[in-house]
Amino acid sequence: MQWPCASLKDADLGARTTLRVGGSVEWLLEPANPDELRAAIVRAKDEGFTPRVLGGGANLVIDDRGLPGVVIATDRMNFVFRPMAPPPGADEGGGGLLDEVVPSARVAPPDPADDPRLAVWAGVPLPKLCRAARDLGYSGLEKMAGVPGQVGGGIAMNAGGKDPDGTLWQMSDVVEQIRVVNELGEFEDIDAEAWAPGYRDGRLGDAVVAGAVLRFEPRPKAEVAGDSRDYLRRKNAVQPVTEWSAGCVFKNPDPEVSGGRTAGLLVDEAGGKGRRIGGAIISERHGNFLVNTGEASAEDVFTLIEETRARVAEHSGVELELEVKLWRRH
Ligand SMILES: Cc1cc2nc3c(=O)[nH]c(=O)nc-3n(C[C@H](O)[C@H](O)[C@H](O)COP(=O)(O)OP(=O)(O)OC[C@H]3O[C@@H](n4cnc5c(N)ncnc54)[C@H](O)[C@@H]3O)c2cc1C
């Protein structure tokens, strides 16, 4: 089959996830830019497939019996752009920042503080984005330090967290505009004011994130770096960050329903920590993290998730909702 971008037949997906579980997919497409992404989506649909989109695979469990159809991976769309001053005499009208991202040797970028924005394509790793912001003295993503995955997945999931004092922080805090490929296969720009994301849910439906414009607050670089380090240290102290996991398995329930208890605490109280099925184990460090000890099959993972959910429901009456996405073969 001819695809409008790089493609791999029967490509292994497990190695592309942070849990290291998953079989192969019939077709893996690897667009290098938003135009190729759009073309890949349109072609896949024309061929009768419903393509899935894979970012950093940091919140995914993939069936290891293999998936039919098409997965589109955004890894190659790994570009961060600064706004460039238009060349002298150029028409300043026209498209938005995402249309101006081809760097020109003729123009110097403005002082970072004059326009503290970044245009990013979907495949930019979140840690790379955080480093870029830090090095420019841009504040807004300090708390995202240590969150794996890519910009597209981060927006689709509205990645984020909550401080011990209850302060919420999430990807949407820095989004000015998102460019998606919509259900009609067309580019569409969604301004932050028109975007209504929820908790760990970008609520973008079937739209695929191609890129975004992010807006920050200028701040001394040393302060951004210091806060990022502090957050990373805190995260490393409570999460099994060096092990193979898919991040939080469950969403934190409504505090009114759970009496303010997080999903991790509910699992812990239900005796879930340390429970093991095959090579999958609920982390002793954090009850909401399921870890692959090296040999876990997807079935081990699916079964342990269900067992943990049932255990919590029986113990506390709280029905936990999945945060992690499951790509199961039916
Ligand atoms: C150690 C560890 C710590 C973590 N800590 C946090 C944390 O603090 N906070 C947090 O929120 N998450 C956390 N996570 C989970 C994960 O980092 C985030 O959910 C991240 O946003 C996932 O991005 P991704 O690119 O890996 O998405 P993937 O896992 O590849 O995909 C997740 C979902 O997003 C969809 N998707 C991916 N790319 C696109 C796109 N371009 N357009 C539309 N849909 C897309 C996929 O189809 C899938 O449904 C953690 C994970 C790990 C392993």
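As the structure lists them, so they are numbered: ligands from 1, and atoms in each ligand from 1. By convention here, the first residue in the shown sequence is residue 1.
Proximity of Gln239 to ligand 1, defined as any heavy-atom pair under 4.0 Å, is confined to the side chain (atoms from C-beta onward).
Nearest protein heavy-atom contact of atom 41 (N) of ligand 1 is Val209 O, 3.1 Å. Protein heavy atom at the shortest distance from atom 34 (O) of ligand 1 is Ala156 CB, 3.9 Å. The protein non-hydrogen atom at the shortest distance from atom 51 (C) of ligand 1 is Gly247 CA, 3.2 Å. Atom 49 (O) of ligand 1 has Lys325 CG, 3.5 Å as its closest protein atom, hydrogens excluded (heavy atom only). Among all protein heavy atoms, the one lying closest to atom 33 (C) of ligand 1 is Met157 SD, 3.7 Å. Annotation: atom 19 (O) of ligand 1 to nearest protein heavy atom, Asn59 OD1, 3.2 Å. The protein non-hydrogen atom at the shortest distance from atom 26 (O) of ligand 1 is Ala58 N, 2.8 Å.
The backbone N or O of Glu193 sits nowhere less than 3.5 Å from a side-chain atom of Asp191 that would complete a donor-acceptor pair. Checked by atom type and distance alone, the side chain of Arg229 never pairs as donor or acceptor with a backbone atom of Tyr231 at under 3.5 Å.
For ligand 1, none of its N or O atoms has an N or O atom of Thr74 under 3.5 Å away. Taking only nitrogen or oxygen atoms, main chain and side chain alike, Ala246 does not reach within less than 3.5 Å of ligand 1. Among the atoms of Ala207, none of the N or O lies under 3.5 angstrom from an N or O of ligand 1.
Residue Pro148 holds the heavy atom nearest to atom 17 (O) of ligand 1 of all those in Ala122, Pro240, Pro148. When Ala159, Gly153, Gly161 are ranked by how near their heavy atoms come to atom 37 (C) of ligand 1, first place goes to Gly153. Checking Leu126, Thr18, Val147 against atom 12 (N) of ligand 1, the nearest heavy atom belongs to Val147. In this structure, of Leu54, Leu60, Val208, the residue bringing a heavy atom nearest to atom 31 (O) of ligand 1 is Leu60.
At a 4.0 Å cut-off, at least one heavy atom of Lys235 sits close enough to ligand 1 to count as contact. The closest approach between any non-hydrogen atom of Trp327 and ligand 1 is below 4.0 Å. By the 4.0 Å heavy-atom criterion, Arg200 is counted among the residues contacting ligand 1.
Of all atoms in ligand 1, listed by their number and element, those nearer than 4.0 Å to a heavy atom of Gly154 are 21 (O), 23 (O). Short contacts between ligand 1 and Gln150, defined as distances under 4.0 Å to a heavy atom of the residue, involve ligand atoms 23 (O), 24 (P), 25 (O).
Within the structure, the salt bridge (charged side-chain N to carboxylate O under 4.0 Å, His left out) test picks out the following pairs touching residues 134-149 (sequence neighbours left out): Glu142-Arg219, Lys143-Asp163.
With salt bridges taken as basic N to acidic carboxylate O contacts below 4.0 Å, none links Glu30 and Arg76. Between Arg233 and Asp230 there is a salt bridge, since at least one side-chain N of the basic residue sits less than 4.0 Å from a carboxylate O of the acidic one. A salt bridge links Arg309 and Glu306; the closest N-O separation between the charged side-chain nitrogens and carboxylate oxygens is under 4.0 Å.
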